[in-house]
Each structure stands twice: as C-alpha cells, then as structure tokens.
Number of protein chains: 2
Amino acid sequence: MTKRENKREEIRKAAVEVIATHGYYAATTDKMAQAAGVAVGTIYNYFSNKEEILEYIFRVEVEKRFRYYDALSNQKIPVLEKLRLLLTRHFDEIQQEPAVGQVMVRERYAPLDRQLSGIQEFIQGVPTRIQKLLDEAVKNGEIRPCDTLIAATALWGSVEAVVSRALTESDDDKQKAILAKAADSLIELYCRGLKKTD
Amino acid sequence: MTKRENKREEIRKAAVEVIATHGYYAATTDKMAQAAGVAVGTIYNYFSNKEEILEYIFRVEVEKRFRYYDALSNQKIPVLEKLRLLLTRHFDEIQQEPAVGQVMVRERYAPLDRQLSGIQEFIQGVPTRIQKLLDEAVKNGEIRPCDTLIAATALWGSVEAVVSRALTESDDDKQKAILAKAADSLIELYCRGLKKTD
DNA sequence: GGTCGGTGAATGAGGCCTCACTCACATTCC
DNA sequence: GGAATGTGAGTGAGGCCTCATTCACCGACC
C-alpha cells in the first residue's frame with residue numbers, strides 16, 4: 001500500500017467513527033479531521049468532497065462482500081450452505097468493526113438527491129446476489145419455489161435489522177452474543193420457518 | 001377536528017411529501033411552507049421546530065399501529081393470524097400513503113444526537129409488540145420455541161426492506177403488486193421457511 | 001558533507017452560502 | 001375592536017471547501 005493509500009485509509013477509518021457516532025449530517029469535516037489527526041484541508045487532498053468519503057466507505061465494504069461472494073459461487077456446496085457462510089462472514093465483519101456496521105445500516109439512504117453509486121451498489125447489489133443464490137437453489141430443488149425477490153429482500157432486511165438491533169445493545173458481551181449466533185439463527189428461521197413441525 | 005388541528009394536519013401532510021422526496025436534511029422549512037401553501041412563520045405557529053415535525057409524523061403512524069395492535073390483542077384468533085392482519089394493515093396503509101412509507105423507512109435514524117421519542121417508540125415499540133405476540137404463540141404451542149427477539153427483529157426488518165424495495169419501484173402497478181401480496185408472502189415465508197417440505 | 005533549489009503534502013483561517021428560526025406588521029375572525 | 005392567525009424579509013449561526021503559505025524531505029551539485 002502506497003503512502004498515499006495509507007493516508008486515505010486513515011481518513012476513511014476516522015470518518016467511519018465520526019459518522020457512526022454523530023450520523024452523516026452532524027459529522028462535520030472538522031470533526032473528521034480532528035479524529036484523523038489532520039487538518040481539514042488535508043482531507044480534501046484525498047477526497048473531493050464530503051459525500052465522496054461516505055461513498056468510499058460503502059465501496060470498500062461492498063467490494064469486500066462481492067469478493068467473498070465470487071469466491072463462494074464457484075464452490076460445490078449446497079446453496080443454503082453458501083448463504084450461511086455469506087451471513088456468517090458478514091456478521092463477523094460487523095463484530096470486528098461495529099462502527100462500520102452502524103454506518104452501513106444508518107446511512108444507506110443518506111444523501112437522497114444525488115444518489116451515491118457506492119451506496120446504490122450496496123443496497124441493490126447484495127440482495128440481488130442473494131436472489132441469484134435462491135434462484136439457483138429453487139432450480140436444483142434445494143428449496144421450494146417461491147417469490148425469490150421478496151425472499152431475498154426479506155432475508156437481507158432481516159440481516160440489517162439484526163445488525164442494527166445488536167449495535168444498539170450497550171452491553172458489549174450481549175452485542176457480541178447476538179452477532180455471533182445471528183447468522184445461524186436467521187438461516188434456521190428461513191429454513192424451518194416458525195411453525196411447529198408436527 | 002378543530003380548525004387548529006386541521007392546519008397542523010395540512011402542514012404534516014405537506015412535510016411528509018417534501019421529506020419523502022428530498023430526505024429530512026434537504027427538506028427545508030421553505031419547501032415545506034411552499035408545499036403547504038403557507039408562510040414559513042406559520043409552520044412555527046404549529047410546531048416548535050423542524051425536528052418536532054418529523055417526530056409528529058412518526059407519532060401519528062405509531063399511534064395508528066398501536067391502536068390496531070390493541071384492538072387485535074383481545075380477539076380470539078390464532079396468533080399467526082393476528083400477525084398476518086397486522087402486516088396486511090401496515091402494507092395497506094403504505095399503499096395508500098407511499099410517501100409516509102418512504103419517510104418511515106428512510107428517516108428512522110435521522111437526527112441521531114437528540115433521539116426523537118416518536119421515532120424511538122416506532123423503532124422499538126413495533127418489534128417489541130411483535131415479540132410479545134411470538135412469545136404468546138410459543139406458549140400456546142402455535143409455533144416452535146425459538147429466539148423470539150431475533151425472530152421479531154428479523155420479521156420487522158423484512159417488512160421494512162420490502163416496503164423500501166417496493167417504493168423504489170417506479171412502475172406504479174408493480175409497486176402496488178408487491179405491496180398487495182407482501183404480507184401473505186412474508187407470513188408464508190416465516191411460517192413454512194424456504195426448505196422444501198418432503 | 002554542506003548548501004541549495006525543487007517538490008508536494010499539510011495547514012487552517014476565512015469566504016461564501018445555506019437554512020432554521022424570529023418578529024414587527026398585516027390580515028382575518030368573531 | 002381585540003384576539004388569533006398569517007406573513008416573509010431579516011438574522012446569525014454553522015459548515016463545506018479553498019488557497020496562499022509553510023515546511024519537511026530529497027537529490028544535485030560543488
């Protein structure tokens with residue numbers, strides 16, 4: 001990583017913290033600069049404006065997830081197992097960087113007017129890929145035929161809600177407990193449903 | 001409804017439209033005033049500040065849902081049926097006032113620093129009530145024992161995601177189609193799960 | 001090895017603009 | 001005619017971004 005990329009990374013991390021605690025709009029460039037230990041002007045040597053910072057934050061996460069998805073899609077394991085791995089990885093990452101999780105669930109819609117492509121890709125891209133997996137699973141008979149658009153949307157919505165819920169938990173151990181078993185709980189929920197099997 | 005309440009209501013409706021299209025932060029008081037056909041100053045005769053408008057918007061919706069929940073909880077029907085009715089009603093209301101739906105899914109977290117109680121009640125209150133229903137259903141054997149906190153959080157997360165997805169649909173008929181069958185699709189998804197019943 | 005000029009990252013005060021909110025006055029209502 | 005309601009230009013606080021300047025570093029040259 002070049003020196004330049006390094007500094008960009010430092011600013012990104014600082015911005016994540018500030019946005020996570022104050023929200024995008026209250027996260028002033030002053031606060032970000034202070035958190036990164038640089039002057040305001042320095043930020044503008046690495047990003048063209050405040051929005052680009054938010055976009056970059058999302059882009060980094062999107063790419064992480066897409067890479068993992070791609071690696072997974074070639075493997076010869078049941079689709080539901082792929083799904084479980086995908087969610088597990090996601091919750092793991094949130095656990096390691098809770099602030100990133102905060103930003104992702106909170107700022108998905110942030111600057112409405114000029115929609116940022118990094119955020120767009122995240123909102124649409126991840127559920128779309130889940131839908132692809134579900135379609136595949138329907139085709140090979142692993143799951144029953146159903147409206148995969150609704151199912152994929154619902155599944156990812158659950159994930160975000162659980163992340164959001166976990167992160168409002170002030171007790172650190174409880175937070176970790178929720179995140180740790182979240183993937184398995186959700187997969188079980190979506191596989192078996194709620195009804196008693198009789 | 002008194003004349004005063006009437007005007008407050010008009011301003012609320014106008015604000016909903018403006019916030020739905022621009023997002024809370026870009027929704028200036030000027031735009032709201034214009035949309036309501038009044039002067040900026042008038043708004044401040046009915047609301048003490050901009051945040052209170054957003055809070056009021058949420059409060060109106062929360063109370064609608066709580067009233068329906070209360071009416072439902074006394075009835076002698078299966079819990080899962082209550083849940084279905086609750087969701088059906090919710091999606092119906094969104095269909096009739098899509099802008100309100102936009103605001104609810106987008107602005108849940110809006111002004112982070114000083115959390116607005118109307119919004120808080122919505123974020124926490126609705127899932128909490130769903131969890132109560134699930135607990136009841138577990139107790140009377142209607143559904144299998146499970147982590148009802150996760151299940152309730154997930155269920156409501158799915159609802160919000162589907163609403164959000166439907167509202168990004170520009171084709172009006174498609175939007176209605178999604179919303180119309182959303183409640184049943186979700187209930188079925190959560191009851192039967194995805195797996196093939198063999 | 002000491003001097004010197006070139007380079008570009010870093011700085012932060014302030015320009016400029018936006019927007020929530022006010023208030024002195026006008027209008028309407030009863 | 002007095003109370004209630006409406007008005008919208010004005011105010012000032014606050015925040016994004018700029019840019020003239022600084023300065024640490026480095027290679028060139030004597």
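Each chain gets a letter, A, B and so on, in the order the sequences are listed, and its residues count up from 1. All values derive from a computational prediction rather than experimental measurement.
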Could you pull out the protein-nucleic contacts involving nucleotides 16-25 of chain C (nitrogen or oxygen on both sides, under 3.5 Å)?
| unit_1 | atom_1 | unit_2 | atom_2 | d |
| --- | --- | --- | --- | --- |
| C/dA20 | OP1 | B/Lys50 | NZ | 2.8 |
| C/dA20 | OP2 | B/Thr29 | N | 2.8 |
| C/dA20 | OP2 | B/Thr29 | OG1 | 3.0 |
| C/dC21 | OP2 | B/Tyr44 | OH | 2.8 |
| C/dC21 | OP2 | B/Lys50 | N | 2.8 |

remark   = Taken in chain and number order and not counting sequence neighbours, the residues that satisfy side-chain hydrogen bond (donor to acceptor under 3.5 Å, both in side chains) with B/Asp135 are B/Thr148
ask   = Atom CD1 of A/Ile53 to atom P of D/dG15: distance rounded to whole Å?
value = 15 Å
remark   = When rounded to whole Å, the CD1 to P distance for the pair B/Ile43 and D/dT7 reads 10 Å
query = Hey, is the main chain of A/Glu51 close enough, under 3.5 Å, to the side chain of A/Glu55 for a donor-acceptor pair?
reply = no
request  = Not counting sequence neighbours, which residues clear salt bridge (Lys or Arg N to Asp or Glu O under 4.0 Å) with B/Glu81? List them please.
outcome  = B/Arg84
inquiry  = Using the side-chain hydrogen bond (donor to acceptor under 3.5 Å, both in side chains) criterion, which residues pair with A/Thr153? Sequence neighbours excluded.
reply    = none
task = Calculate the interatomic distance between B/Glu10 atom CD and D/dT5 atom P; express it in whole Å.
result = 14 Å
request  = Under the salt bridge (Lys or Arg N to Asp or Glu O under 4.0 Å) rule, collect the residues that match up with B/Glu160, sequence neighbours excluded.
outcome  = B/Arg108
remark   = Rounded to whole Å, the CZ-C1' distance (B/Arg4 to C/dT28) equals 16 Å
inquiry  = By nearest atom, which of the nucleotides D/dT7, D/dT5, C/dA9 is closest to the B/Tyr46 side chain?
reply    = D/dT5
key: Residues in side-chain hydrogen bond (donor to acceptor under 3.5 Å, both in side chains) contact with A/Glu188, at least two apart in sequence or another chain   = A/Arg192
query = Rounding to a whole Å, what distance do you find between B/Glu5:CD and D/dA4:P?
reply = 17 Å
